[in-house]
Structures are given as C-alpha cells and as structure tokens.
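Please read the structure below before turning to the comments.
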Number of protein chains: 2
Amino acid sequence: MLDLSRLRTLRAVAVHGSISGAAAALGYTPSAVSQQIAKLERETRTTLLERHARGVTLTGDAEHLVAAAGQLLAVAQEAEARLEERRGRPSGTLTVASSPTAVRGLLPGALAKLTSAHPDLTVRTIEALDHACAELVAQGVADLGLAHDAELARLPVPSGLERTLIGEDPVEVCLPAAHSLAPRTVLSREDLVGVDWITPPPGAVCHDWVQLTMRGLGHEPVLAHQASEAASQLALVAAGLGVVLVGRLGRGPLPDGVVSIPLEPAPMRQVHALWRSGTGRRPAVTEALRLLLQEWRDLGYESAGRPTT
Amino acid sequence: MLDLSRLRTLRAVAVHGSISGAAAALGYTPSAVSQQIAKLERETRTTLLERHARGVTLTGDAEHLVAAAGQLLAVAQEAEARLEERRGRPSGTLTVASSPTAVRGLLPGALAKLTSAHPDLTVRTIEALDHACAELVAQGVADLGLAHDAELARLPVPSGLERTLIGEDPVEVCLPAAHSLAPRTVLSREDLVGVDWITPPPGAVCHDWVQLTMRGLGHEPVLAHQASEAASQLALVAAGLGVVLVGRLGRGPLPDGVVSIPLEPAPMRQVHALWRSGTGRRPAVTEALRLLLQEWRDLGYESAGRPTT
DNA sequence: TCCGGCTTTCAGCATCGCTTCACGCCACCG
DNA sequence: CGGTGGCGTGAAGCGATGCTGAAAGCCGGA
C-alpha cells in the first residue's frame with residue numbers, strides 16, 4: 001500500500017528538483033530522503049529517479065505518483081480540516097506564511113491572542129516574500145498566507161486559493177534628511193523620477209511597484225541597492241544612498257537622518273490573507289482571520305475587512 | 001498527517017463492527033488493532049470509539065474519517081493500478097475472491113498459467129459465497145471476483161463494479177440411485193416439486209434458485225439439509241436424504257449411489273468475473289480475465305466470453 | 001588533475017508496531 | 001448471585017523501521 005509520508009517526500013523532490021533541496025524543505029537529511037525514495041521504488045517496483053552526477057530527474061512513473069500524491073494529500077488535509085470543523089474550535093497546527101512587515105506588525109498580537117485562547121492549537125510562522133507566501137499556501141506548506149498587493153503590482157493568486165482583505169496601508173517615501181526633496185510635506189510620483197531607489201528583492205510587492213510605476217511615467221528606475229530587511233534599507237537611506245518606499249505596517253521608528261513624506265495620491269498597499277479553499281471553514285483559519293482583522297483595527301489604521309474574493 | 005494504514009484499520013473496524021473482527025480480517029491481533037486506533041485517536045485528538053462491555057461503536061468523527069479513508073484508499077489503489085498499467089505487465093498482488101466451485105474448477109489452471117508467466121505477480125485466493133465475492137471486490141479486499149448468477153436468482157452487483165461473463169454452466173440434479181426419479185433420463189422442474197432439497201447456505205446462487213423456482217411453481221420447497229461443501233452435499237444425497245443441484249464446473253466424480261440427471265429446459269448457471277471500475281485496465285486483471293476465458297474453453301464447456309456489462 | 005556539489009551506502013541507535021500474556025469489564029446463564 | 005465467556009486494553013519483549021552522521025562514489029567544471 002502506498003504510504004502518504006513517502007509520497008510527500010517524493011513530491012518535495014519534484015518541487016525542489018533535488019534530493020538535498022527536498023531534505024532541507026522537510027527538515028531531514030539528504031540521506032533520509034534518498035532512503036525513502038529508494039524504499040518507495042522497491043515498494044512500487046519502479047524506477048522513480050534518474051540519477052546523474054548533478055542531481056536527479058523524475059521518471060514518468062514518478063510524475064504520475066506525484067500527481068496522485070497531490071490528490072491524496074489534498075483529500076487528507078481536507079479530512080483533517082473537517083475533523084477540526086466538527087470539533088468547532090481551533091486545534092492541530094496552523095502554519096502562517098507572512099511577508100516580513102506583517103510578521104512584526106500584525107502577527108505577534110494576533111497569534112498571541114490565538115494561542116492563549118486555544119491551547120490545543122500549535123502555531124508556526126514562515127517569513128517569506130509576498131509571491132512566495134502565496135506559493136507556500138498553494139503547496140500546502142502553509143495554511144494561511146499574509147501578502148501585500150498593490151495597484152499596478154497585483155499579487156498573482158494561484159488557483160484553489162481564496163483571499164480576503166485585512167486592511168489597506170498607505171505607502172510613504174523615506175529619504176535622507178539632506179535630500180533636496182526632504183523639506184516637502186507631500187510628494188507626487190513625478191517628483192521621484194530620477195532618484196536612486198532602495199528596494200527589497202524581486203518577489204516583494206514594493207519592488208514591483210517601484211519598477212512599474214516609474215516605467216509608467218516613462219522612466220526606467222535606478223534600482224541602486226537591494227536589501228530585504230527594513231532596518232538595512234533605512235540604514236542605506238540614512239547614509240544618503242537612495243530612497244525607499246515603506247508602509248505604515250511594521251515600520252519602526254525612523255533612524256536619525258531619515259524623513260518620511262506622504263505621496264499624493266497615496267499608493268495603497270493592501271494586506272491580504274490567503275488560504276486554500278478546502279480549509280476555509282477550518283476553525284483555526286476563521287479564528288485567525290477574525291483576530292487579524294481585529295488586530296488591524298486595534299492598530300488604528302483605516303479601512304479594513306472589505307472582503308475581496 | 002493522516003496515515004493510510006491506520007485509516008484502513010479504522011475502516012475495517014467500521015465494516016466488521018468490532019475490534020476483534022477487524023483484527024481477524026486484517027490478520028492482526030485485537031491488541032494491535034486496539035493500539036492502532038488509540039494512536040489514531042491521539043494523532044487526531046478525537047474520540048473514535050465508544051467502548052461498551054460488548055464491543056464498540058463508532059463516533060461521528062470516526063464515521064467521517066471512515067468516509068475519508070474510503071476516498072483515500074480508492075485514490076491510492078487507482079494510482080497503483082495506473083502504475084502497473086504504465087509498466088504494461090502484471091505485477092504486484094492480485095487477490096481473487098471466488099465461489100468454491102470456481103476455486104477448484106477454474107482457478108487452479110488459470111492462476112498457474114498467470115503466475116508462471118508473470119513471476120512479479122503475487123496471487124491470493126479467498127473462497128467465499130457468491131454474494132460475498134461481490135462485496136469483497138467492492139470493498140477492495142479482493143481485486144477480482146468469480147461468482148455465479150442465474151436466471152431468477154440474479155447476483156446483485158454493487159455500484160462501482162464491472163463484470164463480464166466467463167461462461168455458462170448447465171445445472172443438473174443429483175439424486176439417490178434409489179430415488180423414484182432416478183431412472184429418468186431427463187427431468188422437468190415440475191418433477192421436482194415435493195422433493196427434499198439439499199442446498200448450500202443462503203448467499204449462494206443455487207440456494208436462491210431452488211427457493212425462487214419452486215415458489216414460482218406454487219410450492220414452498222423443503223430445504224431439508226444445508227451444507228456448503230459439495231462433497232458433504234453428495235454424501236447426504238448418497239444417504240438418500242434429498243436431492244441437490246450441481247453445475248458441471250468443479251463437480252468431481254459422483255460417489256456410488258448418486259446419479260445426475262439433466263433438467264429440461266436446462267437452467268444455466270453463469271460464471272461472472274467482477275472487478276472495480278478503477279482497476280479494469282490493470283494488466284493483472286485483464287490478463288487474469290483472458291486466462292480464465294481460455295481455461296473455460298479448454299475445459300470444453302459451451303458458450304463463453306460474451307461480455308455482459 | 002583536483003575540487004565541489006550531489007547522491008548513495010553503511011553502521012549505529014532510537015522509535016515504532018507487532019505479538020504474547022495477563023487483566024478488567026460486563027452480559028448472559030445456570 | 002456467582003461463574004463464564006467474549007471483548008477490549010495494557011505491559012513487556014523483540015524484530016523492523018527510519019532517522020543521523022561519516023564516508024565514499026560520481027561527474028562537470030576550473
């Protein structure tokens with residue numbers, strides 16, 4: 001009989017393209033994954049991987065098993081979700097994939113309330129860039145995703161996923177206090193043509209937004225520096241090396257030598273929650289959504305809770 | 001993550017209604033099944049069984065898991081069947097549920113050819129009455145069923161199953177040599193009104209046929225003796241205790257004091273093969289069907305191979 | 001030719017999951 | 001009312017499973 005756990009490792013090998021990649025993703029050693037695949041090959045009397053010096057590729061039989069694994073894991077997850085639904089209160093494990101700003105700005109409060117109210121529930125967090133969050137949820141690695149979305153830089157939502165709006169966050173420009181634009185109380189997009197940009201890596205909504213907005217004005221932006229951590233970005237700004245876009249959510253106090261100026265019209269960065277359709281009625285998911293919306297309100301930002309499936 | 005093997009155990013408990021029944025069916029001890037269920041309860045944080053002094057009953061959560069288990073096992077079996085189909089030759093395990101006459105009359109030759117031609121294939125046999133054969137196939141315990149079917153005593157075919165006709169077997173009457181009808185060369189149904197019948201247990205087609213045919217003539221048959229083994233039935237006939245219907249298939253030499261007389265018109269007992277729709281293209285199944293039809297031809301009986309889905 | 005990333009193999013060890021045996025429970029029956 | 005038997009559970013034991021870490025094999029690229 002096929003073993004779900006082994007099928008899951010095979011699927012991980014397919015997704016990551018290598019034994020060691022799958023091992024890292026699953027938290028095993030490559031040795032363990034290799035042995036599991038070998039055992040699966042023995043059990044099914046097939047050859048699943050073609051080994052070459054530089055990694056492995058899947059055979060047709062393996063592709064077929066991966067497809068079956070997808071079905072099986074989806075059915076199994078759905079069954080577990082319904083079990084929790086029958087119980088009526090959050091339990092099991094809820095894995096949240098979240099963009100960094102939400103990890104510090106939104107999650108701590110919401111997850112603290114969630115776990116203290118429901119001791120049966122185990123919560124895990126994975127910090128990832130916006131696009132990756134959606135992928136992690138779609139793949140079943142995470143159950144709930146928190147990702148940004150903005151006009152002009154729409155977040156692609158994989159099929160089988162649903163989402164709702166948690167809130168909208170106005171984005172401002174942080175620039176060096178010595179910058180020629182620093183004295184202004186408000187800036188337009190056109191004012192920013194020609195500045196040196198500091199951006200997060202591709203895959204974050206702010207990166208795409210800068211690129212697409214500036215191109216829309218007819219100018220290719222200069223993406224001078226790339227830093228994923230917000231503190232690093234601000235340090236670069238303080239050193240006068242460029243300007244950066246930051247939302248209110250999760251933004252700490254600004255370091256000396258950095259000023260923040262609103263844009264007019266203000267670009268809104270939307271925070272969306274994402275989940276697989278099959279798990280939408282799982283209490284852990286609905287309760288987490290409720291607490292995230294409440295947390296957003298408590299933080300005192302503006303609009304929240306308009307559903308946008 | 002749910003474990004397929006444990007879900008299968010839970011399903012066995014549901015089907016058999018008790019831990020020990022499930023254990024017997026799965027080839028484990030009751031203790032092992034009890035421990036598996038207990039572990040499943042811990043993993044899912046649910047209560048699956050209500051224990052009373054005289055056995056167990058399933059909770060709602062358990063019923064739900066059983067339904068999911070059905071889905072999962074079906075998908076897994078289908079995936080394995082397709083794997084074998086890709087390979088193009090029989091392999092894995094083929095479990096055949098068969099009525100007793102076919103076990104001795106048809107299976108030995110066909111299965112011998114099957115296993116010698118395909119050493120990768122493991123074959124298992126389960127002897128069961130006609131109705132039970134169909135159930136075993138439907139439940140996934142067996143992959144192929146061989147069961148009888150007759151006019152007036154139609155074999156119910158559970159949904160999700162397909163079937164084909166292997167052959168038709170004329171049924172004759174065996175009666176004591178001293179019986180008043182023994183000198184006859186042919187008998188009609190009406191001749192048999194009022195005789196004492198020896199039948200297999202309910203669930204075998206011959207049992208139902210006797211009952212329904214005699215009732216159709218307006219007489220309630222006297223089911224005087226019940227014996228499942230053919231040799232036992234014939235011994236009862238030899239002792240002058242009644243008459244019995246037997247087909248040609250799997251009928252050994254008649255003991256002294258027993259004669260066999262054809263009926264006119266001859267009631268035909270049809271031998272059908274049954275399998276789950278999902279496994280119809282599995283090479284082990286198609287090859288077994290081919291060899292069963294060939295075996296039937298080699299035995300020299302008449303009609304064979306007319307498909308009757 | 002060596003290096004480096006990848007996979008596999010091997011030995012060791014913890015864990016799992018089975019069996020056996022013993023026990024507790026309660027309906028049933030004398 | 002107490003014995004009996006079927007049923008489920010729990011502890012001990014033991015083989016199988018499945019992980020880790022070390023080491024070796026393989027092959028493309030410098």
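Chain letters run A, B, ... following the sequence lines, proteins first, then strands; residues in each count from 1. No hydrogens, no waters, no symmetry mates; every other heavy atom, side chains included, goes into these values.
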Give a yes/no answer on whether the side chain of [X] brings an N or O atom under 4.0 Å of OP1 or OP2 in [N].
| X | N | result |
| --- | --- | --- |
| A/Arg6 | D/dG18 | yes |
| B/Ser34 | D/dT9 | yes |
| A/Thr29 | D/dT20 | yes |
| B/Ser20 | D/dG8 | yes |
| A/Ser31 | D/dC19 | no |
| B/Lys39 | C/dG17 | yes |
| B/Gln35 | C/dC16 | no |

Whole angstroms only, please: what is the [atom1]-[atom2] distance between [X] and [N]?
| X | N | atom1 | atom2 | result |
| --- | --- | --- | --- | --- |
| B/Glu43 | C/dT15 | CD | P | 16 Å |
| B/His52 | C/dC26 | NE2 | C1' | 12 Å |
| B/Leu26 | C/dG17 | CG | P | 15 Å |
| B/Leu49 | C/dC25 | CG | C1' | 16 Å |
| A/His16 | C/dG5 | NE2 | C1' | 18 Å |
| B/Arg42 | C/dC16 | CZ | C1' | 11 Å |
| B/Leu48 | D/dG8 | CG | C1' | 15 Å |
| A/Asp3 | C/dG17 | CG | C1' | 14 Å |

Q. What's the spacing between A/Leu144 CG and A/Ile126 CD1 if we round to 0.5 Å?
A. 11.5 Å
Q: For residues A/Glu135 and A/His131, determine if any side-chain heavy atom of one lies less than 4.5 Å from a side-chain heavy atom of the other.
A: no
Q: Mind jotting down which residue pairs meet the salt bridge (charged side-chain N to carboxylate O under 4.0 Å, His left out) criterion with at least one end in residues 137-148 of chain B? Sequence neighbours excluded, please.
A: B/Asp143-B/Arg276, B/Asp143-B/Arg282
Q: Let me see the working for A/Asp120 and B/Arg45 under salt bridge (charged side-chain N to carboxylate O under 4.0 Å, His left out), right down to the final yes or no.
A: CA-CA 9 Å; A/Asp120 280 355; B/Arg45 289 170 172 152; 5.5 Å; no
**Q.** From CA spacing to verdict: salt bridge (charged side-chain N to carboxylate O under 4.0 Å, His left out), A/Lys39, A/Glu43
**A.** CA-CA 6 Å; A/Lys39 179 153 281 190; A/Glu43 284 172 351; over 6 Å; no
